[in-house]
Amino acid sequence: MDVVVLIGRILFAALFLTSALGHLTQTKAMAGYAASRGVPAAVPATLGSGLLLLAGGLSVLLGIWADLGALLLVAFLVPTALLMHAFWKESDAQSRQLEMVHFQKDLALAGAALALFAFFAYAGSDLGLTITGPLFDIG
């Protein structure tokens, strides 16, 4: 079971780590897009969200307070869904549909991250193949 959880952590974290890389290496382009969506202070927001993605992704991947890492990813995903994928503001049907898909994807990933948080916080030190146990204890 530990190996299955590790594989799941790797697959889940890969999305966030590659996104973090983009935020931190293509900051100007990504900040331009964020500004076009109405995000204030787009450059600092892009860098900050990149660091949030990096910290959360590495935490889940490596199993270093993975419960906290999962919460960090939720803290990225929910505002991103609301700010970057506000489909209800789109007048073009195709744009509305595309943004709705991204909005729903971000909320689904937030739900998965919350489930991971609960899993890590509940399983505690019984979950193998992590560097540390959870920071929170809900078990």
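For Arg96, the side-chain hydrogen bond (donor to acceptor under 3.5 Å, both in side chains) test picks out no residue, with sequence neighbours left out. Taking the side-chain hydrogen bond (donor to acceptor under 3.5 Å, both in side chains) definition, one finds that Gln104 meets it with nothing, sequence neighbours left out. Under the side-chain hydrogen bond (donor to acceptor under 3.5 Å, both in side chains) criterion, Asp126 pairs with no residue, sequence neighbours left out.
The side-chain hydrogen bond (donor to acceptor under 3.5 Å, both in side chains) analysis of residues 66-88, with sequence neighbours excluded, yields the pairs His85-Glu99. Evaluation of the side-chain hydrogen bond (donor to acceptor under 3.5 Å, both in side chains) test over residues 129-139, restricted to residues two or more places apart or in two chains, returns none.
Pairing each heavy atom of Gly63 with each of Arg9, the nearest pair is N-NH2, 3.5 Å. Nearest heavy atom pair, residue Ala70 against residue Leu116, reads CB-CB, 4.2 Å. Residues Val74 and Ala110 come closest through the heavy atom pair CG2-O, 3.6 Å. Residues Met100 and Phe87 share a closest heavy-atom pair of N-CB, 3.5 Å. Residues Gly57 and Leu73 share a closest heavy-atom pair of N-CD2, 3.9 Å. Scanning all heavy atoms of the two residues, the minimum distance from Pro134 to Ala121 falls at CB-CA, 4.1 Å.
Taken from CG in Leu71 to CH2 in Trp65, the straight-line distance is 13.0 Å, to the nearest 0.5 Å. Note that the CZ atom of Phe103 and the CG atom of Leu82 stand 5.5 Å from one another [nearest 0.5 Å].
Phe76 and Leu54 fall into different hydrophobic clusters, where Ile, Leu, Val, Met, Phe, Trp and Tyr side chains are chained together by heavy-atom contacts under 4.5 Å.
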Sequence neighbours left out, cut at 3.5 Å: what donor-acceptor pairs do the side chains of residues 11-35 make with other protein atoms?
from	atom 1	to	atom 2	distance (Å)
Thr18	OG1	Ala14	O	3.0
Thr18	OG1	Leu15	O	3.0
His23	ND1	Ser19	O	2.8
His23	NE2	Ser49	OG	3.4
Thr25	OG1	Leu21	O	2.7
Thr27	OG1	His23	O	2.7

